[in-house]
Each structure stands twice: as structure tokens, then as C-alpha cells.
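Just so it is clear, the values below take in all heavy atoms, side chains as well, and ignore hydrogens, waters and symmetry mates.
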Amino acid sequence: GLFVSSGNIVDPNKGYYLTLSFTNEYMDYIYALLCSMDLEPKALKRNDEYILYYKESERIEDFLTVIGAGKFTLELMEAKLLKETRNNLNRLNNAEIANMARTAEASAEASEAIKFLEKKGRLSHMSPSVQETARLRLEYPEYNLEQLRQVHSKPISKSGLYHRLNKLISEAKNLKD
């Protein structure tokens, strides 16, 4: 009855917020009652109204369970799970897009340097392993470092491959300066 007469809950798809509004005479009693059940709410006064509230989804779930609204507790948990899953998928998607953009940027920079070195006749003076890396970078511009290292004729670490590509880029920069 307490929640029905004085409570409000925000749609869990929009946020987590449950309030109980009272006049001053009931505030202390309700606060003490909730605290005795390990449901200590936060409190504030707005105009002549006293408000007890919860902003954490777990605390709202506990409150709803205690008042016998188990069905709504499950709905809240489901909405929270869907929201977390959606957020995690968005985070993963954003990270993947950022990784692809970095790979494309790095590949373009290395490819430009390699083409410049070829044009200046300097690539043929570099070690065979660096020449192989240059050839493979041009052949597989969409590959990230892990994929690119796997197509080398001899095993190479990602850091070794990164070092070779940086060597090509540095050499090209030195020639341009």
C-alpha cells in the first residue's frame, strides 16, 4: 500500500529511479521502517514534500522484492540485462570500428612510404626481410599486423613487423626532409 499510495518508478528503459513522497509526519516512520529492512533510502525535501528515493537498480530490485512486487523486480532485471547487453555490443562495435580505422590509417601511411621508397629506388637497397614486409603491406593493405605477420615466409612477431614498417616510414620521411 505504501508504494501504491505514494510511490513512483521511472521506466527502467530510461533510467533507474524510485521515489516515495510523504508529508513530514510519516517521513521519519517510513525511513526507520525501510532502514530496519536494510533498505536505507536517500532522502530530500522538495517544497513541503519529503521524498525517499533509490537510484541504484539493485536497491530498487530489493525494495520491489520486499513489498511483494516480484514480477516487477524480474521486469526490471530483464530491462537492465537488455540495456547492459546493448551497451556492451555498442562498446565492442565502436572498438572494432576504431581498430579498423587505425589499421587503415597505418596501412595507408606505410603504403605511401613504400611507394615513395620504390619511386626513389631506395627500397631495393634495404634488407630482404624489410623488402618482403613492404611487398606484403602493398599486397594486403587491409590486413592488421597480426594477419600481416602470418603471411610472412619466416615467423615474425607483431613488434618485429611494427619495427620494420616504422623503418620504412622513417626512411621515407628522411628522404623527404
Side-chain angles (χ1 to χ4, degrees), residues 8-19 38-42 44 53-65 69-177:
N8 186 31
I9 189 167
V10 172
D11 179 356
N13 294 313
K14 296 179 181 172
Y16 306 113
Y17 200 69
L18 181 142
T19 60
D38 285 336
L39 295 172
E40 185 173 341
K42 292 186 168 93
L44 64 89
Y53 67 95
Y54 300 102
K55 289 174 79 172
E56 303 85 20
S57 62
E58 292 82 11
R59 303 293 285 165
I60 296 170
E61 291 166 7
D62 292 343
F63 177 85
L64 291 173
T65 301
K71 176 183 173 192
F72 297 110
T73 302
L74 291 175
E75 286 180 22
L76 176 63
M77 292 167 106
E78 183 180 335
K80 184 170 77 169
L81 185 62
L82 285 171
K83 188 176 185 180
E84 287 174 5
T85 302
R86 204 174 305 119
N87 288 342
N88 287 338
L89 286 173
N90 284 339
R91 246 188 308 284
L92 288 171
N93 190 38
N94 291 343
E96 185 64 29
I97 289 170
N99 285 340
M100 289 168 57
R102 279 193 299 274
T103 297
E105 226 174 88
S107 176
E109 182 183 17
S111 295
E112 182 182 309
I114 293 164
K115 290 173 185 173
F116 179 78
L117 291 171
E118 275 182 330
K119 182 177 158 185
K120 294 293 183 181
R122 295 294 298 229
L123 190 60
S124 60
H125 297 292
M126 300 182 104
S127 71
S129 60
V130 172
Q131 287 181 40
E132 178 187 22
T133 296
R135 180 183 57 77
L136 291 171
R137 172 71 320 174
L138 292 177
E139 191 175 334
Y140 302 103
E142 74 282 2
Y143 279 16
N144 62 32
L145 290 180
E146 178 60 28
Q147 295 166 317
L148 192 60
R149 81 173 192 81
Q150 290 176 5
V151 294
H152 274 70
S153 60
K154 292 182 183 170
I156 184 171
S157 66
K158 279 174 42 176
S159 63
L161 180 58
Y162 181 78
H163 176 72
R164 287 182 190 174
L165 291 168
N166 273 346
K167 186 174 186 172
L168 290 162
I169 292 167
S170 294
E171 185 70 25
K173 282 182 183 175
N174 289 341
L175 280 176
K176 288 178 183 178
D177 293 342

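- Going from atom OH of Y16 over to atom CG of D11 covers 10.0 Å, rounded to the nearest 0.5 Å.
- By the 6.0 Å contact criterion, CD on E78 is open, its count of non-hydrogen atoms from other residues, nucleotides or ligands being 12 or less.
- Counting heavy atoms from C-beta on, the side chains of L138 and K115 come closer than 4.5 Å.
- The distance from atom OG of S157 to atom CD of E146, rounded to the nearest 0.5 Å, is 10.0 Å.
- Between K120 and H125 there is no side-chain heavy-atom pair separated by less than 4.5 Å.
- When all heavy atoms are compared, the tightest approach of I156 to R149 is O-NH1, 3.1 Å.
- Side chains of L89 and N93 form no contact here, defined as non-hydrogen atoms less than 4.5 Å apart.
- Between L168 and R137, the closest side-chain pair of non-hydrogen atoms is not below 4.5 Å.
- Atoms CG and CD, from D62 and E40 in turn, are 13.0 Å apart once rounded to the nearest 0.5 Å.
- When all heavy atoms are compared, the tightest approach of Y53 to L44 is CE2-CD2, 3.4 Å.
- S129 places a side-chain heavy atom less than 4.5 Å from the side chain of R164.
- Classification of E61 and K80 as a salt-bridged pair holds, one side-chain N sitting under 4.0 Å from a carboxylate O.
- In the displayed structure, K176 atom NZ is contacted under 6.0 Å by more than 12 heavy atoms of other residues, nucleotides or ligands.
- Counted within 6.0 Å of CD on E105, heavy atoms from surrounding residues, nucleotides or ligands total 12 or fewer; the atom is thus considered open.
- Side-chain atoms of N94 and R91 form no donor-acceptor pair, as typed in the model, at a separation below 3.5 Å.
- When all heavy atoms of N13 and A79 are compared, the pair lying nearest together is OD1-CB, 3.8 Å.
- Shown here is M77, whose CE atom has no more than 12 heavy atoms of other residues, nucleotides or ligands within 6.0 Å.
- With sequence neighbours left out, N87 forms a side chain to side chain donor-acceptor pair (under 3.5 Å) with no residue at all.
- For T19, the side chain to side chain donor-acceptor pair (under 3.5 Å) criterion is met by no residue, not counting sequence neighbours.
- Of the inter-residue distances, the one linking N166 atom CG with L161 atom CG reads 10.0 Å to the nearest 0.5 angstrom.
- The shortest non-hydrogen separation linking L76 to S57 is CD2-O, 3.9 Å.
- Counting heavy atoms of neighbouring residues, nucleotides and ligands inside a 6.0 Å radius, atom OH of Y17 exceeds 12 of them.
- Here the OG atom belonging to S107 is positioned 12.5 Å from the CE atom belonging to M100, to the nearest 0.5 angstrom.
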Could you walk me through whether Y140 and Q147 pass the side-chain contact (heavy atoms from CB on, under 4.5 Å) check?
CA-CA 9 Å; Y140 302 103; Q147 295 166 317; over 6 Å; no
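- The line from NZ of K167 to CG of L117 is 11.5 Å long, rounded to the nearest 0.5 Å.
- N99 is not listed as a side-chain neighbour of N144, based on a closest heavy-atom distance of 4.5 Å or more.
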